[in-house]
Amino acid sequence: MSKRIANQIALALLWTSALTTVAVLFAVILYVVVNGIGQLSLGFIFTWPRGVNAEGGVWPTIVSTLYVTALAMVIVTPIAILAAVYLAEYAVQGRLVSIIRCAADTLASVPSIVMGLFGLALFVEAAHIGFSMLSAALALTFLMLPIVMRTTEEAIRAVPKYIRWGSYGLGATKWQTVRRTVLPAAMPRILTGLILATGRAVGETAVVIYTMGQAINMPVSPLDSGRPMTVHLYLLAMEGINLPAAYGTALLLMIMILGFNLSARYLLRRTRKV
Amino acid sequence: MLVLPSRSRRNGLRELSGRRALGLSAVTLTVLVSLAFAAVGCSSSGASSAEIIVTGSTTILPIAEIAAEDFTDQHPGTRVLVSGVGSSAGIESVTRGSSDIGTSSRDLKPAEEELGLIDTPIAIDSIAVIVHPSNPVDALTSEQVRQIFSGEITNWSEVGGEDREIGLVNRDEASGTREAFHKIVMGDSKFDRSAAVLPGTGQVRSVVANAEIAVGYISLGFATSDVKVLAIDGVVPTPETVRSGEYPIQRTLHFFTDGEPTGLALEYIDFILSEEVQEGVVRDAGFLPIPREGD
Amino acid sequence: MAEASAQNDENHKKAAHGLRLVSRSTHLKEAGLRNLFLLCAFVAVLGVALIFLFVGWRGWSIFSTYGVGAFLGGAEWDPIDGIYGILPLIYGSLVVMGGALALGTPLAVGTAIFLSEIASPRVRSIVRPAVELLAGIPSVIFGFFGLLILRPFIASTSGGLGFGAATAWIILAIMIVPTIATLTEDALGSIQPGIREASYAMGATTWQTVYKVLVPAAKIGIIDAIILGMGRAIGETMAVLMVVGNAPVFPDSVTDPIATLTTQIVIDMPYATGDHRTALFGMAIILFIVSMGLVAAVRLISRLQSAMEANR
Amino acid sequence: MTRMPAPIVSPTPAAPAPDGPDKITVKGLEFYYGDFHALTDVTVPIKSTAVTAFIGPSGCGKSTFIRCFNRMNDLIPGTRLEGKVTLDGQDIYAPGVDPVDLRRRVGMIFQQPNPFPMSIYDNVAFGPRLHGITKKSELDDLVRDSLDRANLWKEVKDILGRGGLTLSGGQQQRLCIARVLAVQPEVLLMDEPCSAIDPTSVQKIEDLMAVLKESITIIIVTHNMQQAARVSDFTAFFLQEVAGEAAVLVEYDRTTNVFTSPRDKRTEDYITGRFG
């Protein structure tokens, strides 16, 4: 009897923890949506912030965020995919591989503010690139690299070995096999990983705050500085004068991130169905 | 689905994963490495004649910057480059001639008086000490404020309030308001380091507005009815008491030029002093307009 | 790999004429690609080295000029007066992390057990995406939420300002749930299904199966998950920054302002110069070493585990 | 650079001569996976344009052995081969020999049908494209021809754009055969090609082999003795007598001889079902 009661209590607690998690998610989303929705308008999205307290829109911050994210993904995608190809297809277990894996794990665990200071020290100052899209993108690259590497490697490893044999059996070289069968077969999952990493880059604050600069600017060249949405939100929230704009920015940021995450999920589900 | 439906699609992906990825990675690797180790110069070219450089106080930075934007909008073809490096650096910069205008949130030191700089006051920064509206304390002396913020007084009962601990709200050290508050009120005393440090005026205000034990300070222009502004040394801060100099916690913000301003610098300074800027940008930034001649 | 290559002419002659030899261009291309991929993989190593080098370069001198003991053990952080003791910040980081783990771990492990053992596929299809989406929400939004919703709430219940370790605990606990829950679920999922059935077949209830059989079996995986959650908690910056109050002291209570290594870096960076700036980079070195240590711990544990399994 | 040699169509009669030419010869082959000695002292001829079956209990190294003919084992790190394997009298393990080109000449079908995740057309055109054929008309011809030879054309001619994985298991296996035929191999290695598909499809593939062997040398690994008896002209029996030790070739002969009058006691035990 007591055994049953203990079981019931435990189950109730487990249900509670799961429901808490879900409830928190919805609370955060709801909070941002309810407070931000009134602020959203084409004018808010497509105009510049004005005045001391950033009234008006957030357009340059959206552009800065998309700019730096795109730049980072352009840099990280080929490197991470080819690195994953090496680890999954070419590497022979050994010292070298374990060093690379260890480095990737370490890189993945570096706190983002440390990555930010690193970007400041290396790209902004030592390399004289200055506060810029490029500095921020390069710092983000190191943050994204292990994530994309891992998802890509998993995607490649999930391709059945029979597929590879079939290709080799037809007289394909290793690279032909990888390029023409393995990568296309792994592509949906690789894309999923890339989209998730993109979402991560869009939401990143601590890495970009001291590498991109904080001045509102419309970036044109990669050497231009700017202020991404996350930093704008942080500054608005902490300044606390113009909270409506903060809510609006938070909602836009949330919509972008949820968009990335949901499209990644959709892509993955479509892949699994077949 | 795992099957990629059309041939063109597959070719597209193959293209991406193959040759292009290869090229890209080669390029980016080169870029990465060369950027990491070689210095890429991106210094700006020499200044044109329709350009002035404004350097100095970070407190003044928002006004100078926003005003500069509006100014250049109204005067196409001109450029006003504003940077915030601190008051001392601003004064030094205009003395050396590397800036046209040096901005400062403090008066000149005796040594600097001899440099022959021309002072144009552009705004008054007055700092209000704020508490929760329900706090029975209405007034403090400068000395009490100092003792509260240095942690010597920790209970409201010591200054005539209820028997509750005092919740200190301070600004971050990069803040010009903190710097001014420190200089005017604290003197040689140190801030109590256990105070909450908030990097924004609005947050200080909203925290104080919601916590009965809290005390903080913000630029007078940002004080609203959410919070109670305390009288200091018996003077309630109002535009009048500030202008008359009766209210003690205030400072004047200056533009310094090497000799009488001329040309674009003069036009910019006149613009700053215009009603448009004084009542607009200056007030938005929480400062008080400089008393106009004839007021 | 034994793929032969045409290294010299002698080999060419020795090979039978009907079989095609490896063409030099193909061989060079394949070898070149292989090396290119290796180079890409090495960017990760390069990254770690560069971080160590540049953060170290900027921060190292604080240890030598200011002194390791004075820096790490100093109880006062007062950069205006050139006093750079980071003990209160280390203390703050530990307090904030500890509380967040204490709150977040049960929530996360509970969620993971729920997902893997209890939830029907329907419920799971709602809860699991929710956990994953939670992982995607930017920390600045958590901070925003904490600052404007949670802080006033804590303020009104505690009578204080609402800034402090307690507020950070709640926000951080939520933020580490996805990290710990996902990894714990993986660990539970990799237990052979037979073990579960055996337990149920002996008349164990769900809960008995969970805590007597499954949790012990997935113990190592769960510990790994918690360590990685620890890393996330100690490195988190923006969300914590917005709710801790940023007072570099040893506070009297969990509802009094406190500061962590990460938050102090962000707060001070805009105006820090000279030794102060070096000290901030020195703090980054500490954070980097701690995160590397946590990774090393996870690797060590998994190595110990495989060694144990090999001995069995 | 990679022009296709013309397919070898020899005028051999349907029933192979017992002393027909050797397409492949193996002499004194030893095979190792790292420290593990998998096969020892294997010497066997593979007759041209005939079907040779490798039989034996699982784990006896027959799959390992068949992969020696197109050097697929090269892809597994740590493997090592001693002895000599020749194709048309030429050592395929001689230094400098391109295993990639060898694999084009010696095609392979695997136990698990493994169409690529792309359309039926692209699956078949994959090999020719690898080897430089890009002309649409040429590819179209090759695809139709190969599918036809694999006995699949009628079933898929209207759905060439559909994914190869949407076909049934048996169709997939024939698609894989078509895919191999498209590169016009001289030898076809089949590693338990029928163990993962339904009986009707097995029948179709066996019929197919009977036709294909007129132009191609076929080697099949099977654990199904009836199948070996039905489809092959020659049979080799492998056995790993002691677990952990190298497997040996016990007996090689015409299939009829192996199944009716085996010379070795162990062969007899195996085919009469005493073990394995």
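Throughout, a chain's letter reflects where its sequence line sits, starting with A, and its residues are numbered from 1.
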Separation between [atom1] of [X] and [atom2] of [Y], rounded to the nearest 0.5 Å:
X: C/M242; Y: A/T205; atom1: CE; atom2: OG1; answer: 8.5 Å
X: C/Q264; Y: A/I113; atom1: CD; atom2: CD1; answer: 11.5 Å
X: A/Q176; Y: C/K29; atom1: CD; atom2: NZ; answer: 6.5 Å
X: A/L82; Y: C/R34; atom1: CG; atom2: CZ; answer: 14.0 Å
X: C/W57; Y: A/L122; atom1: CH2; atom2: CG; answer: 9.0 Å
X: C/I126; Y: A/L25; atom1: CD1; atom2: CG; answer: 12.0 Å

With the side chain counted from C-beta on, respond yes when [X] and [Y] share a heavy-atom pair under 4.5 Å apart, and no when they do not.
X: A/Y31; Y: C/I149; result: yes
X: C/F54; Y: A/L117; result: no
X: A/L11; Y: C/T205; result: no

Less than 4.5 Å to any heavy atom of chain C: does that hold for the side chain of [X], its backbone, both, or neither?
X: A/L196; value: neither
X: A/V32; value: side chain
X: A/V28; value: both
X: A/Y247; value: both
X: A/Y234; value: both
X: A/L145; value: side chain

For chain A, which candidate among [options] shows the most heavy-atom pairs at distances under 4.5 Å?
options: C/G47, C/A181, C/A284, C/P129; value: C/P129
options: C/V210, C/L241, C/I234, C/V177; value: C/L241
options: C/V123, C/T206, C/V127, C/L115; value: C/T206
options: C/L280, C/L261, C/V295, C/V55; value: C/V295
options: C/I51, C/L107, C/V45, C/V48; value: C/I51
options: C/V266, C/I265, C/L294; value: C/V266

Closest approach of [X] to [Y] (non-hydrogen atoms, all atoms of both residues):
X: C/S291; Y: A/S109; answer: CB-O, 3.4 Å
X: A/A121; Y: C/R58; answer: CB-CG, 3.9 Å
X: A/W15; Y: C/I118; answer: NE1-CG2, 3.9 Å
X: C/G235; Y: A/P111; answer: CA-CB, 3.6 Å
X: C/R299; Y: A/S98; answer: NH2-O, 3.9 Å
X: C/W207; Y: A/A6; answer: CD1-O, 4.2 Å

Top of [options] for chain C proximity - count of heavy-atom pairs under 4.5 angstrom:
options: A/T249, A/L87, A/L253, A/L262; value: A/L253
options: A/N261, A/I257, A/L236; value: A/I257
options: A/L19, A/I100, A/V22; value: A/I100
options: A/A18, A/A84, A/G203; value: A/A18
options: A/I9, A/L13, A/T21; value: A/T21
options: A/R200, A/E125, A/M238; value: A/E125

Yes or no on side chain to side chain contact (heavy atoms under 4.5 Å, CB included) for A/N7 and C/Q208, after CA distance, side-chain angles and deciding distance? CA-CA 7 Å; A/N7 191 44; C/Q208 284 173 323; over 6 Å; no
Does C/E185 have any salt bridge (charged side-chain N to carboxylate O under 4.0 Å, His left out) partners at least two apart in sequence or in another chain, and if so, which? C/R128
Other residues, nucleotides and ligands only: do more than 12 of their heavy atoms fall within 6.0 Å of CZ on C/F52?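 No, CZ of C/F52 has 12 or fewer neighbouring heavy atoms, counting only those of other groups under 6.0 Å.
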Within a reach of under 6.0 Å around OH of C/Y200, are more than 12 heavy atoms found that belong to other residues, nucleotides or ligands? yes
Taking side chain as everything from C-beta outward and backbone as N, CA, C, O, which of these in C/P270 sits under 4.5 Å from a heavy atom of chain A? Side chain, backbone, both or neither. both
Are the charged groups of A/R179 and C/E30 less than 4.0 angstrom apart, N to O?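 Judged by the 4.0 Å cut-off on N to carboxylate O distance, A/R179 and C/E30 do not form a salt bridge.
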Quick one: do A/W175 and C/F37 satisfy ring pair (Phe, Tyr, Trp, His ring centres under 6.0 Å)? Show the steps, please. CA-CA 11 Å; A/W175 172 234; C/F37 302 160; 5.3 Å; yes
In sequence, state the C-alpha distance, the side-chain angles, and the governing distance for C/L39 and A/Y86, and then conclude on side chain to side chain contact (heavy atoms under 4.5 Å, CB included). CA-CA 9 Å; C/L39 199 65; A/Y86 181 80; over 6 Å; no
Donor-acceptor pairs under 3.5 Å, side chain of residues 130-148 of chain C to any protein atom, not counting sequence neighbours: which ones?
unit_1, atom_1, unit_2, atom_2, d
C/E132, OE1, A/R265, NH1, 2.1
C/S139, OG, C/E236, OE2, 3.2

Check step by step if side chain to side chain contact (heavy atoms under 4.5 Å, CB included) holds for C/V43 and A/F142. CA-CA 9 Å; C/V43 171; A/F142 284 109; 4.0 Å; yes
Between A/L120 and C/F281, does the side chain to side chain contact (heavy atoms under 4.5 Å, CB included) criterion hold? Intermediate values first, please. CA-CA 11 Å; A/L120 175 68; C/F281 274 95; 4.2 Å; yes
